[in-house]
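Single-structure report; data block below.
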Amino acid sequence: MGKVIVQKYGGTSVGSIDKIKRVAERIAEIRKSGNDVVVVVSAMAGQTDQLLQLAWQISDHPKQREVDLLLSSGERISCALLTIALNAVGCEAVSMTGRQIGLQTDNTHTRARIKQIDGGLCKRYLEEQKVVVVAGFQGINEHGDVTTLGRGGSDTSAVALAVALNAEQCEICTDVDGVFTADPRIVPDARKLSTISYDEMLEMSGLGAKVLQLRCVEFAKKFNMPLIVRSSYNNKPGTLISREDPKMEQPVVSGIMYDKNQAKITVKGVPDQPGIAAKLFNALASASVSVDMIIQNISEEGHTDISFTVTTEHLKDAMAEVNKVNEEIKAEKITQDAGISKISIVGAGMRSHSGIAARMFETLSRENINILMISTSEIKVSCIIDEKYTEQATRTLHEAFDMKTAPVANAEGNPQDSKIKV
Ligand code: ADP
Ligand code: ASP
Ligand code: MG
């Protein structure tokens with residue numbers, strides 16, 4: 001086998017017959033240059049949402065096993081259509097489902113984790129000089145049932161396949177030119193990053209930059225598979241995501257992310273006693289609700305308030321659990337707010353710079369944007385704000401951290417940033 005190239009095309013890139021034909025021509029060109037090509041596709045834009053709506057028209061709680069079978073059909077359609085388009089332009093290609101590539105997952109329907117891939121059949125087709133087109137986002141569990149990998153999961157299928165086939169790199173082809181300092185749809189003068197480390201990208205994906213699914217980056221980091229995010233429509237170099245390298249750009253802040261998919265629950269007036277938080281968060285954990293930020297107010301007259309955030313999909317389940325636990329903990333009031341968003345700044349250079357969080361808070365306060373909650377890690381600061389200020393906060397922070405311009409490396413290879421005082 002020659003050099004294997006794995007490319008993934010997202011939903012917008014295969015969103016119409018014309019686009020599928022364009023992608024087919026592009027792949028045929030790459031094949032002509034003598035490389036073995038494996039292409040992973042997402043469902044055509046909007047299709048996964050439409051399929052979900054169909055299920056919800058029938059039931060509020062469809063069985064997850066059946067949802068998986070339904071959703072996996074979206075990727076099968078685009079996979080078959082792209083293969084037909086490749087064959088039509090004279091490029092021999094063959095379509096494969098998750099089952100056919102031997103993508104084995106655990107049993108968690110709708111957000112399964114990949115356990116292994118037996119790329120045997122895929123390799124055989126490559127040896128026959130065929131382009132292999134794979135339906136992304138899907139696998140099978142130990143019972144042979146179809147599973148899906150969570151929203152945006154075709155990214156993860158592509159990386160896993162690149163690892164299984166020993167590819168040199170995995171290219172994620174999408175509707176933007178790479179990974180930017182902020183969502184280019186919100187910040188028009190966002191700057192494309194030429195390189196970024198796995199760790200920074202993990203933070204960015206975890207904080208809402210949907211350009212790469214979080215698990216895809218985890219997988220790439222674990223197996224040290226270089227990832228390239230690039231446009232499906234042009235040949236610009238895109239963004240390389242790989243191990244941290246001393247030569248890599250190390251701006252103090254390399255990206256600004258937002259996540260509107262957040263909700264806040266406040267449990268007011270609970271007794272300030274040992275065991276209360278444990279009861280509350282144990283109940284949430286056993287209902288598989290992941291909690292992100294938590295704050296507890298200073299106790300007043302033996303009572304306190306606890307607020308925490310969950311994703312909007314988990315809000316209903318979280319409220320049900322909190323109401324159940326409340327029979328024991330006897331809070332005065334429980335409130336929920338789905339109209340919030342999380343805005344975050346990320347940068348490996350934060351490790352060695354101080355004053356970044358303060359600058360973020362000051363910028364938001366200048367815009368009169370109230371901060372509801374704060375959390376920090378070594379390389380990120382996140383604030384919960386009112387959802388209606390998301391775009392304004394993203395643009396203003398982008399400007400305040402002067403992210404339009406690339407950092408300049410000094411003699412020690414560290415960024416010189418005259419605007420950020422440390
Ligand atoms: P695909 O359908 O190709 O998987 P997605 O919609 O999942 O594409 O991801 C691409 C989108 O991610 C872009 O259209 C862009 O709006 C959004 N995005 C959010 N943050 C960023 C960022 N920092 N850099 C690039 N794109 C981003
Ligand atoms: N079609 C799935 C989704 O919309 C998976 C993907 O696009 O990667 O989430
Ligand atoms: Mg995606």
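For ligands, and for the atoms within them, numbers begin at 1 and follow the listed sequence.
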Heavy-atom nearest neighbour in the protein, as seen from [atom], with distance rounded to 0.1 Å:
atom	result
atom 23 (N) of ligand 1	F180 O, 3.0 Å
atom 2 (O) of ligand 1	G11 N, 3.1 Å
atom 11 (C) of ligand 1	D175 OD1, 4.0 Å
atom 7 (O) of ligand 1	K210 O, 3.4 Å
atom 4 (O) of ligand 1	K8 NZ, 3.0 Å
atom 7 (O) of ligand 2	S42 OG, 3.1 Å

Open item on the list: I'd like to know if the side chain of N282 and the backbone of A278 have a donor-acceptor N/O pair within less than 3.5 Å.
Closed with: yes
TODO: Give the atoms of ligand 2, by number and element, whose distance to some non-hydrogen atom of R151 is under 4.0 Å.
DONE: 3 (C), 4 (O), 9 (O)
Open item on the list: Could you tell me, atom by atom, which parts of ligand 2 come under 4.0 Å of a heavy atom of S154?
Closed with: 5 (C), 6 (C), 8 (O)
TODO: Identify the two heavy atoms, one from S42 and one from K8, that lie closest to each other, and give their separation to 0.1 Å.
DONE: OG-CE, 3.5 Å
Open item on the list: If you compare all heavy atoms of A190 against all heavy atoms of P184, which two are closest, and at what distance to 0.1 Å?
Closed with: CB-CA, 4.4 Å
Task: Heavy atom of G153, distance to ligand 2 below 4.0 Å - done: yes
Under a plain distance cut-off of 3.5 Å, with no hydrogens placed, do [Y] and [X] share a side-chain donor-acceptor pair?
X	Y	result
Q7	E171	yes
S341	E387	no
Y125	E127	no

Open item on the list: So, taking the atom named CD in Q336 and the one named NZ in K316, what distance separates them when rounded to the nearest 0.5 Å?
Closed with: 11.0 Å
Task: Q262 CD to L372 CG distance, which is reported to the nearest 0.5 Å - done: 12.0 Å
Within the 4.0 Å heavy-atom shell around [X], which atoms of ligand 1 are there?
X	result
V179	24 (N)
T174	1 (P), 3 (O), 8 (O), 10 (C)
G178	24 (N), 25 (C)

- [ ] State if P184 counts as touching ligand 1 under the rule of any non-hydrogen atom under 4.0 Å.
- [x] yes
Task: Sub-4.0 Å heavy-atom contact, S42 with ligand 1 - done: no
TODO: Measure E75 to ligand 2 on non-hydrogen atoms and call it side chain, backbone, both or neither using the 4.0 Å cut-off.
DONE: side chain
Open item on the list: Taking side-chain contact (heavy atoms from CB on, under 4.5 Å) as the criterion, tell me which of V289, I334, T335, V310 meets it with M319.
Closed with: I334
Task: Passing option when N141 is tested against T108, T105, V146 for side-chain contact (heavy atoms from CB on, under 4.5 Å) - done: T105
Task: ligand 1 versus D183: contacting region, heavy-atom distance under 4.0 Å - done: both
TODO: Using distance alone, determine whether G152 and ligand 2 share an N or O pair under 3.5 Å.
DONE: yes
Task: Any N/O pair T48/ligand 2 closer than 3.5 Å - done: yes
- [ ] For the residue pair T147 and N107, establish whether any side-chain heavy-atom pair is separated by less than 4.5 Å.
- [x] no
